[in-house]
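Notes follow once the structure below has been shown.
In this text, all values refer to a predicted model and were calculated from it rather than measured experimentally. Read the numbers this way: they start at 1 and go in the same order the structure lists the ligands and their atoms.
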Amino acid sequence: MNEKPIGIFDSGVGGLKILAQLRKILPTENFIYVFDRSHAPYGTKSTRFVAKRAKRVSEFLLGKGAKLIVVACNTATGVAIEGLRKEYGDIFVGVEPPIKRAVDGREGKTLVLLTPVTARQQKFVKLFERYNDGSFIVSPQPYLASEIERKFVCLHELEGYVRAILLPFRGQNVTKVVLGCTHYYYIADIIRKVLGENVTVFTAQEGVANRVKEVLTKKDLLATKNKGFVKYIYL
Ligand code: DGL
């Protein structure tokens, strides 16, 4: 039992989808959510920059008493999670493009959307090589996360932009789309509208939240008396 908060961070709003799922399955946990907005986007910066930010934000959250840190960002997970675990212990849960779940034997292409930094990481390259059955199309998107951040209160206005970036993949028999950036979770409906309602979109918030619950349970760190508060902090 441990009543300390869970820390969670992203460059911006992406991680809120993971936070929502965490609150659903862990209603008696308190959270501190960090938007590292003044250093966003992560996905087009250097690996060194992202690693430095992940370390700074993690230290900030540890300073606030976090018992576990959720790296709610594929980019920061790919770049930094192993280093963070080495330095601060096995108290980090990250997020990866849910590629494995998309290998389900169904015919058609699988489009993987992610940030340029994530696409370059060994962690992703290994994952991709392990599961690629020849049906994957990997498409790094340099501006999509920033557009989602910018249009967060009127996401429907992004339809034209999303249509333009998906145009090269129409008519390629894409039946599955893997979202490898937490920001992209917000446009799952637009993606289906553009590519066809029969397209399955894979996101990872449920897997991440389940993993957090599993880790806390195993370490006997679950809170039982907390009210489920969230503190939001902009860095
Ligand atoms: N939401 C983050 C991810 O999952 C990164 C977005 C960005 O800052 O580029 O990769």
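Contacts between Ser11 and ligand 1, counted as non-hydrogen atom pairs separated by less than 4.0 Å, involve the side chain only.
When each atom of ligand 1 is checked for a heavy atom of Ala145 under 4.0 Å away, the hits are 6 (C), 7 (C), 9 (O). Near Tyr42, meaning under 4.0 Å from one of its heavy atoms, ligand 1 places the atoms 7 (C), 8 (O), 9 (O). Close approach of ligand 1 to Asp10 (heavy-atom distance below 4.0 Å) involves ligand atoms 1 (N), 2 (C).
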### Query
So Thr118 and Thr75, side chain to side chain donor-acceptor pair (under 3.5 Å) or not? Walk me through it.
CA-CA 5 Å; Thr118 301; Thr75 311; 3.2 Å; yes

### Task
Kindly determine whether Ile6 and Lys67 satisfy side-chain contact (heavy atoms from CB on, under 4.5 Å), including the steps that lead there.
CA-CA 6 Å; Ile6 296 172; Lys67 61 183 170 188; 3.9 Å; yes

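Remark: ligand 1 and His183 share an N or O pair separated by less than 3.5 Å (distance only, no angle test). Distances between N or O atoms of Asn74 and those of ligand 1 include at least one value under 3.5 Å.
Asp36 has no carboxylate O lying under 4.0 Å from a charged side-chain N of Arg56, or vice versa, which leaves the two without a salt bridge. Between Glu149 and Arg37, at least one side-chain N (NZ, or NE/NH1/NH2) sits under 4.0 Å from a carboxylate O, which counts as a salt bridge. Of the charged side-chain nitrogens involved, none lies within less than 4.0 Å of a carboxylate oxygen, so that Glu82 and Lys86 do not count as a salt-bridged pair.
Taking atom 10 (O) of ligand 1 as the reference point, the nearest protein heavy-atom neighbour is Thr75 OG1, 2.6 Å. Shortest contact from atom 9 (O) of ligand 1 to any protein heavy atom: Gly43 N, 2.8 Å.
With 3.5 Å as the limit, one finds a donor-acceptor pair spanning the side chains of Arg106 and Thr200.
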